[in-house]
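A quick write-up on the structure given underneath.
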Amino acid sequence: MHEKLQPKYGLGTAVSLVVGIVVGIGIFFKAGPVLEATGGNGTYAVIAWVLAALLTTIAAIVISEIASMGSKTGGLMSFSETAWGERFGFFVGWVQTVLYIPLILAVILYYSAVFTCAFLQIEPTLPVLAGLSALYFVTFAAANLLAESLGGLLQRIATLIKLIPLLAIALFGFFYQGEAVTASADAIASVTQVSFAAAIAAAMIPVLFAFDGWIFVTTIAHEIKNPQRNLPLAMVGGLAIIGLVYVIFTLGLLSVADGASFAKGEMGVSDVANLLFGESLGRTLSFFIVISALGGFNGLMLLGMRMPYSLAMRRNFIGSQALLSVSTRTNLPVRSGLTMLALLAVYMLVGFVLAGTGIHDGIFDLYGDLPIALMWIIYALLFIGVWRLRSTQPDTERLIRVPALPLFVILAIAGTGYALYGFVPSNITSFVLSGVIACLGLIVYAKSSPRVN
């Protein structure tokens with residue numbers, strides 16, 4: 001018999017959980033791509049951050065209803081099963097396992113190496129970045145495979161200090177009184193001027209990367225006191241705080257240097273930190289960014305290493321029995337973890353090969369944007385599913401019943417479509433390829449059988 005989770009989080013704790021889960025490394029390396037998408041226009045960039053905060057808040061409120069239905073406490077896979085059935089739930093888990101999680105882990109590894117170079121004051125050449133990425137990969141893989149408690153300890157330490165560089169640069173940059181750095185004539189000439197509508201659309205997916213993680217907050221609906229009131233308030237309040245900090249952070253960067261210099265890579269967050277605080281303290285903030293990044297990497301790795309196991313628990317497919325093996329010493333699904341690590345290693349290798357040969361210099365930025373686009377398609381289907389369940393399961397217990405649900409769903413889908421409009425046409429090849437990989441999950445499902453517990 002399973003014991004029911006008891007409500008234990010108040011509004012203040014729930015807000016802190018939203019902030020703690022969502023804020024990561026994305027804001028530190030997405031400022032440049034966002035400004036590039038907006039043609040170096042800082043006003044457009046700020047508007048994109050605000051709109052992304054609004055879209056994420058609306059999406060989180062809609063999903064919070066399905067998260068509160070019945071007694072399921074699982075994550076996105078469980079929500080998907082509730083909305084559209086077992087097949088869709090397996091498909092979503094497959095996308096998370098083979099695309100979303102390993103691609104996001106690859107991005108975090110890469111930019112952890114970039115900020116490590118800034119801390120150590122060494123040139124971020126591809127061989128150096130590849131070596132540092134490999135070092136972090138092996139270190140954290142060993143920590144999580146060999147000692148479950150060590151992985152959790154690393155996560156708690158990183159969470160405590162992750163906000164330090166973000167708030168320091170945001171606040172000191174916002175009140176910066178020095179002369180702003182201007183981009184070179186070549187950088188200014190190479191910045192592509194875009195219309196308002198096109199700029200915001202192109203910036204939305206990179207911006208949504210920095211808000212990624214909100215879906216995990218909805219999994220605690222059953223553990224929040226008075227969830228009908230507190231979870232929506234926590235979503236709105238937490239994401240409003242994050243959005244405000246991100247806007248101030250962007251304004252702080254633009255107080256130190258113009259948009260074109262960030263758009264073309266002549267300035268970066270580490271350069272701003274050095275200007276604001278001096279070389280020594282600036283390097284310290286770069287170190288904190290590395291810790292924040294690695295904390296995010298470790299947390300997502302803890303989840304990712306269990307995803308193949310979760311798929312194997314649902315369906316009996318080729319190799320699934322091996323994925324179910326759990327170490328008696330560490331209580332971890334080791335083969336499941338090794339499968340995820342193998343996928344990550346392949347993506348990292350492909351990324352460095354494509355970057356090193358000049359085939360795709362921005363491959364790791366694409367690694368960040370592509371899974372976000374895919375997940376928002378899934379979210380859009382979930383929005384529709386929540387609306388559908390109001391008709392098909394009107395009497396099912398819901399701790400949260402979103403008022404004016406159709407309006408929220410329409411706004412969420414419209415925002416999702418706008419963001420995809422800005423991303424898909426310019427990345428059609430990679431989008432189609434990832435779609436093919438995603439659809440392989442439907443084939444695996446069709447050729448497998450239900451797991452008999």
>> Looking at Ile359, I want to see if its CD1 is surrounded by more than 12 non-hydrogen atoms of other residues, nucleotides or ligands under 6.0 Å.
In response: yes
> Quick check: are there more than 12 heavy atoms from other residues, nucleotides or ligands sitting under 6.0 Å from CZ of Arg87?
Replying inline: no
> If you measure only the distance, is there a donor-acceptor pair under 3.5 Å linking the side chains of Asp258 and Ser261?
Replying inline: yes
> Do Thr339 and Tyr309 have side-chain atoms, one donor and one acceptor, less than 3.5 Å apart?
Replying inline: no
> When the ring centroid of Phe88 is compared with that of Trp94, is the distance short of 6.0 Å?
Replying inline: no
> When the ring centroid of Phe174 is compared with that of Phe249, is the distance short of 6.0 Å?
Replying inline: no
> Which value, rounded to the nearest 0.5 Å, describes the distance between Thr116 atom OG1 and Gln121 atom CD?
Replying inline: 13.0 Å
> Given the rule in the ring-ring contact (aromatic ring centres under 6.0 Å, His included) test, do Phe28 and Tyr111 qualify, once you have shown the distances and angles that lead to the verdict?
Replying inline: CA-CA 9 Å; Phe28 296 112; Tyr111 278 100; over 10 Å; no
> Would you call Arg314 and Glu86 a salt bridge, taking side-chain N to carboxylate O under 4.0 Å as the test?
Replying inline: no
>> Under a 4.0 Å threshold between the charged nitrogen and the carboxylate oxygen, would Asp369 count as salt-bridged to Lys30?
In response: yes
>> As a test of understanding, state which of Phe29, Tyr347, Phe364 forms a ring-ring contact (aromatic ring centres under 6.0 Å, His included) with Tyr110.
In response: Phe364
>> Among Trp214, Tyr421, Phe211, exactly one meets ring-ring contact (aromatic ring centres under 6.0 Å, His included) together with Trp376. Which residue is that?
In response: Trp214
> Looking only at heavy atoms, what is the nearest atom pair of Phe262 and Leu253, with distance?
Replying inline: CE1-O, 3.3 Å
> Should the pair Phe287 and Phe119 be assigned to parallel (<30°), tilted (30 to 60°) or perpendicular (>60°) ring geometry?
Replying inline: tilted
Check for a donor-acceptor pair, side chain of [X] on one end and backbone N or O of [Y] on the other, with a separation under 3.5 Å.
X	Y	answer
Ser286	Phe115	no
Thr139	Tyr136	no
Asp271	Met267	no
Thr38	Leu35	yes

